[in-house]
Every structure is written in structure tokens, then in C-alpha cells.
**Q** 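I'd like to ask you about the structure that follows.
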Amino acid sequence: MNTIELYRKLLAKLGPQGWWPFDEEYHRINNSDARFEIIVGSILTQNTAWENVKKAIDNLKKERLLSIDGINKVKLEFLEELIRPSGYYHQKAIRLKNLASYLVENYNSNLDVLFEKELYDLRRELLELKGIGRETADSILLYAGSKPIFVVDAYTMRLCNHIPLYISDSYDDVQRFFQDNLKSFFKDEEKLVDVYKELHALIVYLGKTWCRVKPICNTCPIREDCNYYTS
DNA sequence: TTCCGGCGGA
DNA sequence: TCCGCGGGAA
């Protein structure tokens, strides 16, 4: 079992996951607000079930506040109220407003300028912001910016240990492992970005459904390749 | 009760 | 490295 096989097997068994920006809606309206929505989602979903994030995003849409200027102008207390379903709403409201004001002041609310920056320069820059750690920064870069960077999360770590695919507790090491493997196989950068997007989504689904803290191995789609099940 | 597409602070 | 943050659904 290697990263390529993992990708192929998960895609074959589970199908494409339809994460951003695979939705037709995001292809159709490939504008700044759509990209900003991905950024907002990546912050709201921090340790939070996606269903709850959707409610928060719907609330923002309903109030027509799901834009850089909208978040920048809205009162903090009202923003908290709108995003309450996504949990941690005090800190997440502050994180959103920090980010929005940062985008207004430094990029004149223009995400195209933001994503023109070199990948790792921009990554360092995003990590400076309060409320954006490695996973959130990488989600923003990959899903909103279509930059070639692989998102690692708790599921990825667990899966790597169970198979085992690569043993490490280091986010950076696991990320480098996936990227080195996949980019040597998928030479075309656009394809590589799509693989990064899809594989992370597939791993999340796998982790949410089978490879949990208490794994449900007997129906897991990759149990035959996993040492955790076969031993 | 558990778990969720983490993060900052100490 | 551990802890608080937090609502919603199973």
C-alpha cells in the first residue's frame, strides 16, 4: 500500500467527495465571494462537524454578509450570533474579523492578488494570523487558492499509523511524505492539485466513517490493506 | 456521552 | 504537551 494505491482505492470504493470546489455552483460562480466562502468554511470547520458549519454559512448568506467587506463591517456580536451553530463562536468570530480586516488592509479585498503570491511565502503569511494554523492555512491554499499543498489532519495521522503507511507525529513530515510521493507520480500540477483535494476529502470520509478513534474495521473499504485489521 | 474537516496559550 | 473553547446530532 502506497499513497497512489490509497488514492485509487479510496476513489474507486467511495467515489468523488464533492468538496469545494467540485460543486457545480463553485465552477459557475468562480468569483471572489465563492473563494472567500471556502476560506470562511475552513475556519468555521475547525474541530467542528460540517453540517453545523453549513448552518453558519447559510446564516451569513441569508444576511448577505458572506463577503470580505461584509464580515469586516458586521458587528462582532451579530457575527457571533450568526455563526453560533458552528461552535467556538466567540473565537471564530474574532478569527473571521481578523482575517477580513487583514484582507481589506493588505489586499484591498482582492483574493486574486493574495493567491498570486508564492505558495510558501503566502503560507508563512497566513500562519501569522491568529486562528490560522497549519491545517487551516493549507486548506485555504489548496481549496480556495488551488495551490499544490496537501492538507494533513487527525484522520490522516491515524490512517498513516494504522495501515501503516508512514509513521510520524509530525504534521510537516507527513505532509512532505504525501507530497513527495504524489507529485512524483502526478507530474501535471493541475492534476496534482485535484488529487490533493480529492484525497484529503476521501481520507476525511474514511476517518469519519470507519477509521475513528474506535475503528470499525469489519466494513472498512481498505481493511485488506491495513495492518490494524489484518493483524 | 461522544464526536466533529483545530487553534492559541501556558 | 495539555487545556479551554461550544453547539448540534447520534
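Here is the naming used below: chain letters follow the sequence lines, and residue numbers restart at 1 for every chain. As the structure is a prediction and not an experimental result, all values here were calculated from the model.
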**Q** What's the gap between dG6(C) and dG9(B) when it is taken at their P atoms, as a whole Å value?
**A** 14 Å
**Q** Nearest-nucleotide wise, let me know which of Thr48(A) and Glu51(A) is further upstream toward the 5' end of DNA chain C.
**A** Thr48(A)
**Q** Which residue, Lys208(A) or Lys130(A), contacts DNA chain B at a nucleotide closer to its 5' end, judged by nearest heavy atom?
**A** Lys208(A)
**Q** Can you tell me how far CD of Gln91(A) sits from CD of Gln46(A), rounded to the nearest 0.5 angstrom?
**A** 8.0 Å
**Q** Rounded to the nearest Å, what distance is computed from the CD1 atom of residue Ile43(A) to the C1' atom of nucleotide dC5(C)?
**A** 16 Å
**Q** Let me know the distance between CD1 of Ile83(A) and P of dC4(B), rounded to the nearest Å.
**A** 21 Å
**Q** Check the side chains of Ser32(A) and Asp112(A) for a donor-acceptor pair under 3.5 angstrom, ignoring hydrogens and angles.
**A** no
**Q** Given that Leu127(A) and Thr45(A) both sit by DNA chain B, which one's nearest nucleotide is further toward the 5' end?
**A** Thr45(A)
**Q** Taking only side-chain N and O atoms of Tyr88(A), does any of them lie within less than 4.0 angstrom of OP1 or OP2 on dG4(C)?
**A** no
**Q** To the nearest angstrom, how far is Glu198(A) atom CD from dG5(B) atom P?
**A** 16 Å
**Q** Can you find a side-chain donor-acceptor pair between Tyr89(A) and Arg84(A) that sits under 3.5 Å?
**A** yes
**Q** Remember a base hit wins even if backbone is also touched, and classify Ile132(A) as base, sugar-phosphate or nothing at under 4.0 Å, heavy atoms.
**A** sugar-phosphate
**Q** Does the side chain of Tyr205(A) get closer than 4.0 angstrom to OP1 or OP2 of dG5(B) through an N or O atom?
**A** no
**Q** Taking the minimum atom-to-atom distance to the side chain of Pro85(A), which one of dG8(C), dC4(B), dC7(B) wins?
**A** dG8(C)
**Q** With a cut-off of less than 4.0 Å, is there a side-chain N or O of Lys55(A) near OP1 or OP2 of dA9(C)?
**A** yes
**Q** With a 4.0 Å cutoff (strictly under), does any side-chain N or O of Ser86(A) reach OP1 or OP2 of dG6(C)?
**A** no
**Q** In whole Å, what separates the P atom of dG4(C) from that of dG5(B)?
**A** 22 Å
**Q** Can you tell me the distance, in whole Å, between the NE2 atom of His200(A) and the P atom of dG6(B)?
**A** 8 Å
**Q** Among side-chain atoms of Glu125(A) and Tyr102(A), is any donor-acceptor pair under 3.5 angstrom?
**A** yes
**Q** Within the pair Asn47(A) and dG6(B), is there a side-chain N or O less than 4.0 Å away from OP1 or OP2?
**A** yes
**Q** Using a 4.0 Å heavy-atom cut-off, does Gln91(A) contact any base of the nucleic acid, only the sugar-phosphate backbone, or nothing at all?
**A** base
**Q** Within the pair Tyr89(A) and dC5(C), is there a side-chain N or O less than 4.0 Å away from OP1 or OP2?
**A** no
**Q** Does one side chain, of Tyr196(A) or Asp138(A), offer a donor that lies under 3.5 Å from an acceptor on the other?
**A** no
**Q** Which part of the nucleic acid does Leu202(A) contact within heavy-atom distance under 4.0 Å: base, sugar-phosphate only, or nothing?
**A** nothing
**Q** At under 4.0 Å between heavy atoms, what does Arg134(A) touch on the DNA or RNA strands: base, sugar-phosphate, or nothing?
**A** sugar-phosphate
**Q** Which part of the nucleic acid, if any, lies within reach of Thr136(A) when heavy atoms closer than 4.0 Å are counted: base, sugar-phosphate only, or nothing?
**A** sugar-phosphate
**Q** Counting N and O atoms only, with roles assigned by atom type, does the side chain of Gln179(A) sit under 3.5 Å from a partner on the main chain of Phe177(A), one being a donor and the other an acceptor?
**A** no
**Q** Under the 5.5 Å and 30° test, is Tyr143(A) stacked on the base of dG5(B)?
**A** no
**Q** Describe the nucleic acid contact of Lys92(A) in one word from base, sugar-phosphate, nothing, applying a heavy-atom distance below 4.0 Å.
**A** nothing
